[in-house]
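Below you'll find the structure, written out as structure tokens, and then a few comments.
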Amino acid sequence: MGSDEPAIERRTSNRVEEQDEDRLAQFGYKQELKRDWGLAHNFGVSFSIISVITGLTTLFSYGLNTGGPSVMSVGWIIVSFFTILVAIAMAEIVSAIPTSGGPYFWSAMLAPPRWSPFAAWVTGWFNLLGQVAVTTGISFGLAGLVSTAATVKNPDYIPTPAKTIGIYAAILISHALVNTFGVHILRYLNNVSIVLHSAGVTALCIAVLAKAPTHQPASFVFGTFNDGTGPEGEGWSERASPAYVALCGALLSQYTLTGFDASAHLSEETKKASWSAPIGVVSSVGFSALFGFFVLMAFLFSIQDFGNTINSPYGQPVLQIFVDIAGEDGALVMFSLIMVCVWHCGLFSMTSNSRMMFAFARDGGIHPFFHKVDQRFRSPIRAVWLAATLSFILALPSLGSSVAFAAATSIATIGLYISYGLPILIGLIWHRSFTVMKGPFNLKGFSRPIAAVACAWIACITVVFCLPTANPVTSETLNYTVVAVGIIGVGAILSWVLWARRWFTGPAAEVAEAMRLGVDPTEPGALEEREKGAAKDTKGSPPDLGSD
């Protein structure tokens, strides 16, 4: 009896694989990427890219100066709530349309035929911008951490912008090489990343809390407001209001809880994608929200001297907290664990980024040169190196700007969330067509209310994170987020009007139409038969504005 079990498992696995490939074929694509990821792996990639330790460590200084502990703690709770709603709305779409294209493909499927190519084009370019900026924010943040760590035992070392860019280039190359030649080990690195980001960071936070000589009271963590956005008495709380500073300070939380569309971009490599991918999206955000709050509390309660932490001679408040608690040697050990976590975060960010570019090139959004999977390594190598190159270019303004890193995180947050919000909004407006497509993750009556709140939140943060965060505003402190996002927005629309509309069709029109009608386009004659039936049903009836 026992000898039959492996054979039964193989047959079950083969059936699941066939079902996934058949589902992908319904969208007009053949299986090119290796589908060997499970639910745990899919969750792990998004969890590693969200990487609360990455966002909190690299933006901790920004948070302390833009609102302080009260904005960081209370802001985390508020931002987590709305982000989970965005993730739930996205998950319902992922379940219906599990492809590597992610948001741009969803927009194409959900929009009416007339607007489908345009929706895919605009969404795709915002998603591409956000993906590139996330990789930039993570890996450039790591370069900054490496530079800072180097000064602990070498006070004569000066981390100039040029040196940091050099370290950043080396980090990007290491990520690109693993994504090029090491696709077969990504699963194992993913498992390592999950352990590091969960057990490793938990142990770190417990050690920090246990080792700290004193702990701040709750009134400090939840009630201390600090405005370091300008010279004393000239910050934005004076020039505008404390609420302005608090809104800008929410960037720390919102940027940290970003990148969970990775579960969608890896759906063509995930088994049972219609269920595993949406669960990966929601669970990664939910767990990261809870876990991130624990990490944030551990750091804030363990601050020994608030003034010295903000004005740390190392230029890194988290490192200063570690030094105050464990001395320089102990601090370097703890800081090294964080840097390893951030490296894994950047690695999987590039993995997700390259999959999006591969899919966008497949549908003509960018040059088809980048739609190429290396048969030996089963990796979209050209897309991987495109991702690395664009990420490097986006960090170059840091050579002359003191707020370049904060701007990169704003660009990542806005670019990605706009690309999340567009398909959610389209599905909200043309909900009847979306209902026909829905997969096993179905919100039913809660679908439209959740989608509406998610869209309103995304509209809010899109405006807020374009606002200046340093006073006075000069060429060095200008928040160039609005420039980058504006270039993509205006550029995408202008390029569509001038030439792209003549040739870009997005995902195959017949596939989109079949999805709207709820039929399998791979079944011969099914689409034509359903269209005839639909024509008969609507003949003589008033037009249905809700389904178009």
Side-chain angles (χ1 to χ4, degrees), residues 49 51 54-55 57-62 128-180 251 255 258-259 312-319 335-336 338-351 353-354 357 384-413 415 469-470 474-481 483-485 487-488:
I49 293 177
S51 181
T54 296
T57 302
T58 55
L59 279 180
F60 206 77
S61 177
Y62 175 89
L128 189 148
L129 170 69
Q131 289 273 346
V132 170
V134 161
T135 303
T136 302
I138 295 167
S139 298
F140 188 70
L142 175 57
L145 299 183
V146 171
S147 294
T148 300
T151 64
V152 175
K153 291 296 184 180
N154 301 281
D156 294 333
Y157 176 80
I158 301 175
T160 63
K163 291 177 182 176
T164 304
I165 280 286
I167 297 171
Y168 173 57
I171 292 169
L172 285 178
I173 290 172
S174 71
H175 291 157
L177 288 174
V178 174
N179 275 289
T180 297
L251 176 63
Y255 167 69
T258 298
S312 168
Y314 306 108
Q316 223 304 329
V318 173
L319 179 59
F335 208 60
S336 295
I338 292 179
M339 290 190 288
V340 173
C341 288
V342 179
W343 185 87
H344 280 83
C345 176
L347 172 70
F348 289 106
S349 176
M350 188 173 290
T351 303
N353 195 344
S354 62
M357 291 178 175
V384 167
W385 288 94
L386 174 63
T389 302
L390 293 178
S391 296
F392 179 76
I393 292 171
L394 190 58
L396 290 179
S398 68
L399 293 172
S401 172
S402 60
V403 296
F405 177 71
T409 58
S410 294
I411 294 167
T413 306
T469 56
T474 66
S475 59
E476 289 188 2
T477 62
L478 174 69
N479 182 355
Y480 66 90
T481 301
V483 177
V485 174
I487 288 174
I488 289 295

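These numbers come from the heavy atoms of this one structure, side chains and all, not from hydrogens, waters or symmetry mates. This is a predicted model, so every value here is computed, not measured.
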*Residues in side chain to side chain contact (heavy atoms under 4.5 Å, CB included) contact with L177, at least two apart in sequence or another chain*: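 For L177 the side chain to side chain contact (heavy atoms under 4.5 Å, CB included) partners, ignoring immediate neighbours, are I173, F181, W385.
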*Using side chain to side chain contact (heavy atoms under 4.5 Å, CB included) as the criterion, list what pairs up with T160, not counting sequence neighbours.*
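For T160 the side chain to side chain contact (heavy atoms under 4.5 Å, CB included) partners, ignoring immediate neighbours, are I158, A162, K163.
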Restricting to non-hydrogen atoms, name the atom on [X] and the atom on [Y] that form the minimum distance, rounded to 0.1 Å.
{"X": "T136", "Y": "A395", "result": "CG2-CB, 3.9 Å"}
{"X": "S398", "Y": "I165", "result": "OG-CD1, 3.6 Å"}
{"X": "A387", "Y": "M350", "result": "CB-CG, 4.3 Å"}
{"X": "S349", "Y": "I138", "result": "CB-CD1, 3.8 Å"}
{"X": "A484", "Y": "I411", "result": "CB-CD1, 3.5 Å"}
{"X": "T54", "Y": "C345", "result": "OG1-CB, 3.7 Å"}

Separation of [Y] [atom2] from [X] [atom1] (nearest 0.5 Å):
{"X": "L142", "Y": "I338", "atom1": "CG", "atom2": "CD1", "result": "11.5 Å"}
{"X": "L59", "Y": "T409", "atom1": "CG", "atom2": "OG1", "result": "5.0 Å"}
{"X": "F60", "Y": "L319", "atom1": "CZ", "atom2": "CG", "result": "12.5 Å"}

Side chain [X], main chain [Y], donor-acceptor under 3.5 Å:
{"X": "N479", "Y": "A407", "value": "no"}
{"X": "S391", "Y": "A388", "value": "no"}
{"X": "T258", "Y": "Y255", "value": "yes"}

Would you say the side chain of [Y] lies within less than 4.5 Å of the side chain of [X], judging by non-hydrogen atoms?
{"X": "P317", "Y": "S61", "value": "yes"}
{"X": "V134", "Y": "N353", "value": "no"}
{"X": "I171", "Y": "F140", "value": "no"}
{"X": "V342", "Y": "T57", "value": "no"}
{"X": "Y480", "Y": "S410", "value": "no"}
{"X": "I167", "Y": "S147", "value": "yes"}
{"X": "T135", "Y": "L172", "value": "yes"}
{"X": "T469", "Y": "Y62", "value": "yes"}

*Report the residues that fulfil ring pair (Phe, Tyr, Trp, His ring centres under 6.0 Å) with H175, sequence neighbours left out, ordered by chain and then residue number.*
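If we apply the ring pair (Phe, Tyr, Trp, His ring centres under 6.0 Å) test to H175, skipping adjacent residues, the hits are W343.
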_Using the rule side chain to side chain contact (heavy atoms under 4.5 Å, CB included), only one of I393, L390, T389 pairs with V132; which is it?_
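Exactly one option meets the side chain to side chain contact (heavy atoms under 4.5 Å, CB included) with V132, and it is L390.
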